[in-house]
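Written out below as structure tokens is the structure these notes cover.
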Amino acid sequence: DIVPLISSASIACGGHAGDDATMRATIRLCRDRGVAVGAHPSFEDREHFGRRELALDRDEIARLVQSQLARLAAIATGEGTRIAHVKPHGALYNLAARDRGVADAIAAAIVAFDPSLMLYGLSGSQLTAAGEAVGLRVAHEVFAERAYDADGTLAPRGTPGAVIESLDASLTQVRTLLHEGMVIARDGTRVSLRADTLCLHGDRADAAAFARALRAALDADGIVVAAPGTRR
């Protein structure tokens, strides 16, 4: 239900979720719908859906990123397509957003695997800076249904208001991000953010209805939805 409404899909590579069958089925769906395929590597922690930070050193992080990339890329090749981007998931994403060492390890792993891949990272974060430093194409990512704090980071899950449940509130945030280049943080601070790509989560109860409403709103506003690097 969601894939026809989006331009890029970040696919779990077996760390926090997914297996060869789900990767293959999702890749086929994206290929047939003209949606860019991306890898969504994470801490190997299925019990907590990759949303718990694990104490790994930089080499271990680089290895897990490369192994998950290789797994998805092999399946994509078998289906006659290729991966176009990498977006870390959950706790790995948030850790890389603030920890330059972790961000550097991820960026280096991507360059070593395939320097043509685009890196998706939290807008204005250490992850996007690390990607740019090693010459990767980078998409600064913003969020439709996650609240922000005054430093431009995502409000931690489990804290009040971290997940925006209201469709109207989410649409207001998206329009402010796209038209004004800023977001209103939980404390009322106006935070400037570069918005190259917009994240939608597939695990909220109303994910499909939310995606349809958001896409309709973007279309009504004349916003062209296309994978980064392919915009008209």
Side-chain angles (χ1 to χ4, degrees), residues 1-18 21-42 49-50 68-69 72-73 75-76 79-90 93 116-123 127-128 137-146 154 163-179 183 193-232:
D1 292 337
I2 294 172
V3 166
L5 304 168
I6 62 176
S7 56
S8 305
S10 299
I11 302 173
C13 307
H16 63 288
T22 61
M23 284 185 262
R24 184 171 293 107
T26 309
I27 287 170
R28 287 176 178 173
L29 181 61
C30 291
R31 179 197 63 199
D32 294 345
R33 293 284 188 169
V35 171
V37 169
H40 208 27
S42 66
F49 198 61
Q68 291 180 40
L69 281 177
L72 188 73
I75 296 172
E79 295 301 324
T81 188
R82 63 181 299 276
I83 59 175
H85 74 269
V86 181
K87 176 191 168 176
H89 165 80
Y93 180 95
S116 73
L117 294 174
M118 180 175 282
L119 172 62
Y120 287 19
L122 184 68
S123 182
L127 183 55
T128 52
R137 295 178 301 133
V138 170
H140 289 250
E141 184 173 47
V142 294
F143 287 73
E145 17 80 296
R146 290 293 308 281
L154 297 176
V163 177
I164 302 172
E165 301 292 350
S166 163
L167 175 59
D168 287 343
S170 294
L171 291 177
T172 296
Q173 175 159 298
V174 168
R175 285 186 166 118
T176 303
L177 281 162
L178 297 184
H179 296 304
V183 70
L193 291 175
R194 175 176 158 184
D196 296 326
T197 185
L198 178 68
C199 175
L200 299 181
H201 288 95
D203 61 339
R204 51 185 289 153
D206 64 342
F210 181 87
R212 281 194 297 272
L214 180 57
R215 180 60 188 266
L218 295 179
D219 288 346
D221 286 358
I223 301 296
V224 176
V225 177
T230 65
R231 290 189 179 88
R232 296 187 295 275

Before accepting this row, confirm whether a basic side-chain N of the pair Arg28/Asp32 lies closer than 4.0 Å to the acidic partner's carboxylate O.
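No.
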[X] side chain near [Y] side chain, heavy-atom distance below 4.5 Å:
X	Y	value
Phe143	Val174	no
Asp221	Arg175	yes
Leu119	Pro88	yes
Ile11	Val37	yes
Ser123	Glu141	no
Val142	Leu122	no
Val183	Thr176	no
Thr197	Ser8	no

Give a yes or no answer on whether the side chain of Arg204 reaches the backbone of Glu165 with a donor-acceptor pair at less than 3.5 Å.
yes
Under 3.5 Å, is there a donor-acceptor pair between the side chain of Arg33 and the main chain of Pro4?
no
Which of parallel (below 30°), tilted (30 to 60°) and perpendicular (above 60°) describes His16 and His89?
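Answer is parallel, since the angle falls under 30°.
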Aromatic rings Tyr120 and His85: how do their planes relate, parallel, tilted or perpendicular, breaks at 30° and 60°?
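Ring orientation, 0 to 90° scale: parallel.
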Spacing of [X] atom [atom1] and [Y] atom [atom2] [to the nearest 0.5 Å]:
X	Y	atom1	atom2	answer
Arg82	Arg31	CZ	CZ	15.5 Å
Leu5	Leu200	CG	CG	9.0 Å
Gln68	Leu72	CD	CG	9.5 Å
Leu117	Leu69	CG	CG	6.5 Å

More than 12 foreign heavy atoms under 6.0 Å from CG of Asp203: is that the case here?
yes
Minimum heavy-atom distance [X]-[Y], with the two atoms named:
X	Y	value
Ile2	Ala207	CD1-CB, 3.7 Å
Ser116	Arg137	O-NH2, 2.7 Å
Ile83	Ala73	CD1-CB, 4.1 Å
Gly121	Tyr93	C-OH, 3.4 Å
His201	Glu145	ND1-OE1, 3.1 Å
Leu171	Ala213	CD2-O, 4.4 Å

Any chance you could lay out the side-chain contact (heavy atoms from CB on, under 4.5 Å) test for Leu178 and Leu218, step after step, and finish with the verdict?
CA-CA 10 Å; Leu178 297 184; Leu218 295 179; 3.6 Å; yes
Determine, stepwise, if the pair Cys199 / Arg146 fulfils side-chain contact (heavy atoms from CB on, under 4.5 Å).
CA-CA 9 Å; Cys199 175; Arg146 290 293 308 281; over 6 Å; no
Does Asp206 form a side-chain contact (heavy atoms from CB on, under 4.5 Å) with Leu167? I'd like the steps, not just the answer.
CA-CA 10 Å; Asp206 64 342; Leu167 175 59; 5.9 Å; no
Working for side-chain contact (heavy atoms from CB on, under 4.5 Å), residues Leu127 and His140
CA-CA 9 Å; Leu127 183 55; His140 289 250; over 6 Å; no
